[in-house]
Colleague: 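If you scroll down you'll find the structure; I have some questions about it.
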Amino acid sequence: MALDYFILVFISSLGVYQIAAIHAKLDGLCFFRHPVVQYIFGILAIIGALGWFFTSKDRNIHTTVEGSQQLGLFLASIVASYLFTAILASIMQARVSSKGGSPREGKQYDMGIETLKKTTLFGGIMSSLRRERKDKV
Amino acid sequence: MPPLAGWTLWITGFVGKAPALDHVMHLLVNDFFIPLCICLIMLALWLGHSDRLKRDRIQITVMYASVSIGISALVVKLINAFTNPWPRPFLVDDSVIRESARRAAETIFYFPHDPTFPSNGATIAFAAATGVWLGNRTAGAIIYVLATLWAVARFYAGIHFFVDIAGGAVIGILTALFISKIFMPRIEPLPTWVMKLCRLLYLA
C-alpha cells in the first residue's frame with residue numbers, strides 16, 4: 001500500500017506540476033512546447049493515477065499508511081516528482097536549445113523558481129555557479 | 001453516548017438503499033482520496049501563479065496551512081491522550097445504533113479502532129481549508145466543500161457521531177486561525193528563512 005500511495009502521489013503531482021507550470025509560465029518545468037498538449041498530459045496523469053489507484057484494489061481497508069506515515073510519503077513523493085520533472089525538463093530542453101547562457105541578476109534565495117521562467121533547473125544551477133565564480137573574481 | 005447520537009441512526013439508515021450513493025460515499029470516505037485532492041490543490045497554489053509577489057504571498061499561505069494541518073493533528077493526539085469520552089458508533093451499548101452503524105461501516109468503510117472524538121479527518125481538512133481560505137478565497141471554498149464531503153461521508157459510514165465531526169471541524173478552524181493569524185507572524189523571521197531555503201533549492 002505504501003508503494004502504491006507513493007506512485008499515486010508521484011504521478012498525480014507530476015500532472016499538477018505540468019498544469020501549474022503553464023499558469024506560472026515556468027518554461028523550465030515544461031515537458032511540451034504546446035500548452036494544450038501539456039494540459040492534456042497533466043489532466044491524464046492526475047485522472048490516470050487516481051483511476052489506477054482506486055480501481056486496482058479495494059482501498060477502504062485498514063492499513064499502516066495513515067497519519068504521519070501518509071504525510072511523510074506524500075512529502076517524499078512530491079519532492080521526488082518535482083526533481084524528476086525539473087531534471088527531465090532540463091534534459092528535454094537541452095536537446096532543443098541551450099538556454100541560460102548569462103549569469104542571473106539576483107541571488108537564488110531571492111529568485112527561487114522565478115529562475116525557471118527563463119531557464120531549466122540545470123541551466124539555473126550553471127548560471128548560479130557562473131555568478132559565484134564571477135563574484136569571486 | 002454523545003449528544004445527537006440519534007442522528008447516526010438516521011444517516012446510517014440510508015446505507016444500502018441507494019447503491020449509487022453508497023459507491024460515491026465509498027470513494028469519498030477513503031483515507032487517501034480527499035486528503036490527496038486537498039494536498040494537490042495546495043501544491044497547485046504553491047506553484048501556479050505567474051506573478052512573483054502574488055506567488056510569494058500564496059506560498060506563505062500554503063506554508064501556514066500546512067503547519068496548521070500538522071498542529072491540528074497534534075491537538076487531536078493530545079486530546080486523545082487525555083480523554084476518550086465515548087466509543088465508535090458501532091461499539092456503543094445501544095443495540096439499535098450499534099447495529100445500524102456496524103452495517104454501514106461494513107458496507108462503506110472498515111472498522112477503525114482509534115478514538116472517535118474529535119474526528120481526525122474533519123480536523124485536518126477544516127484546518128487546511130481555513131488556512132488556505134485566509135489567503136485565497138476560491139481555493140479555500142473548494143477545500144471547505146471537500147472537507148465537508150469527507151466529514152459527511154465518515155458520518156454516513158457510521159464511524160463517527162455528528163459531535164465528533166463538528167468538534168473536529170471547530171478544532172481545525174480554530175487551530176488554523178491561531179497558527180495563521182497569531183503564531184506564525186510571531187515567530188518571524190523563521191518562516192522567511194524557510195522560504196529562502198526553499199527558493200535556494202528551487203522549491204519555491
Side-chain angles (χ1 to χ4, degrees), chain A residues 1 4-5 8-9 12-13 15-26 28-29 42 46 49-50 53-55 58-63 65-68 70-71 73-75 77-79 81-83 85-86 106-117 119-122 124-125 128, chain B residues 23 25-33 35-56 58-59 66 69-70 73-74 76-77 105-114 120-121 124 153 157 159 192-204:
Chain A
M1 184 64 110
D4 285 3
Y5 182 66
L8 165 71
V9 177
S12 54
S13 55
V16 169
Y17 292 139
Q18 288 306 300
I19 294 170
I22 301 170
H23 283 276
K25 300 184 176 73
L26 298 171
L29 289 179
I46 296 167
L50 288 170
F53 186 80
F54 287 105
T55 56
D58 182 13
R59 304 294 179 175
N60 283 2
I61 50 166
H62 187 70
T63 66
V65 186
E66 50 184 21
S68 54
Q70 192 174 337
L71 177 70
L73 273 171
F74 180 82
L75 291 176
S77 191
I78 59 167
V79 171
S81 177
Y82 182 77
L83 285 175
T85 301
K107 290 277 188 190
Q108 181 53 37
Y109 58 74
D110 285 327
M111 298 295 287
I113 54 169
E114 193 70 10
T115 308
L116 300 178
K117 279 186 175 177
T119 184
T120 60
L121 177 69
F122 287 169
I125 292 168
S128 288
Chain B
H23 273 102
M25 290 299 185
H26 190 264
L27 179 65
L28 294 178
V29 76
N30 186 269
D31 288 330
F32 304 107
F33 181 65
L36 180 65
C37 290
I38 292 173
C39 291
L40 291 180
I41 291 171
M42 289 169 70
L43 195 61
L45 283 175
W46 182 267
L47 283 181
H49 224 296
S50 62
D51 184 77
R52 190 176 155 188
L53 292 175
K54 283 182 183 169
R55 191 172 57 235
D56 284 353
I58 198 72
Q59 284 177 347
S66 306
I69 291 172
L74 203 65
V76 172
K77 287 267 182 217
E106 207 168 38
T107 309
I108 306 290
F109 200 50
Y110 58 87
F111 297 108
H113 288 287
D114 52 331
N120 206 355
I124 60 162
I159 58 167
T192 306
W193 291 346
V194 172
M195 289 307 297
K196 280 193 172 182
L197 180 67
C198 289
R199 285 192 204 112
L200 190 68
L201 298 171
Y202 294 85
L203 296 173

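Each chain gets a letter, A, B and so on, in the order its sequence line appears, and its residues count up from 1.
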Colleague: Does a sphere of radius 6.0 Å around NE2 in H23(A) hold more than 12 heavy atoms from other residues, nucleotides or ligands, not counting ones at 6.0 Å or beyond?
Modeller: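 Enclosed.
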Colleague: Is there side-chain contact between I69(B) and M42(B), with at least one heavy-atom pair below 4.5 Å?
Modeller: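 Yes, close enough: below the 4.5 Å cut-off.
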Colleague: Can you tell me which portion of L26(A) sits under 4.5 Å from chain B's heavy atoms? Options are side chain, backbone, both or neither.
Modeller: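 Only the side chain of L26(A) comes within 4.5 Å of chain B.
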Colleague: With a 4.5 angstrom heavy-atom cut-off, could you sort out which part of A73(B) is near chain A: side chain, backbone, both or neither?
Modeller: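 Contact with chain A is absent: no heavy atom of A73(B) under 4.5 Å.
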Colleague: Who among A86(A), A24(A), A20(A), A21(A) has the most heavy-atom pairs with chain B under 4.5 Å?
Modeller: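 The residue among A86(A), A24(A), A20(A), A21(A) with the greatest pair count is A24(A).
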Colleague: Could you look at H113(B) and say if it's the side chain, the backbone, both or neither that has a heavy atom under 4.5 Å from chain A?
Modeller: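 For H113(B), neither part sits under 4.5 Å from chain A.
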Colleague: Between R59(A) and D4(A) (salt bridge meaning N to carboxylate O under 4.0 Å), is one present in this structure?
Modeller: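 Salt bridge: yes.
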Colleague: Contact part of F33(B) toward chain A, heavy-atom cut-off under 4.5 Å: side chain, backbone, both or neither?
Modeller: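 For F33(B), the contact with chain A is made by backbone and side chain together.
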Colleague: Against chain A, label L197(B) side chain, backbone, both or neither, depending on which of its atoms sit under 4.5 Å from a heavy atom there.
Modeller: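 No part of it gets close to chain A.
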Colleague: Answer yes or no: is there a side-chain heavy-atom contact under 4.5 Å between H62(A) and P112(B)?
Modeller: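 A side-chain contact is absent here, since even the closest heavy-atom pair is not under 4.5 Å.
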Colleague: With a 4.5 Å limit on heavy-atom distance, are the side chains of E114(A) and R55(B) in contact?
Modeller: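 Yes, their side chains come closer than 4.5 Å.
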Colleague: Using non-hydrogen atoms and a 4.5 Å limit, figure out which bit of L83(A) sits close to chain B: side chain, backbone, both or neither.
Modeller: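 Neither part.
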Colleague: With side chains defined as the heavy atoms from C-beta onward, is the minimum distance between I46(A) and I19(A) less than 4.5 Å?
Modeller: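 They are in side-chain contact.
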Colleague: For I78(A), is it the side chain, the backbone, both or neither that has a heavy atom under 4.5 Å from a heavy atom of chain B?
Modeller: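 Contact with chain B involves the side chain of I78(A) alone.
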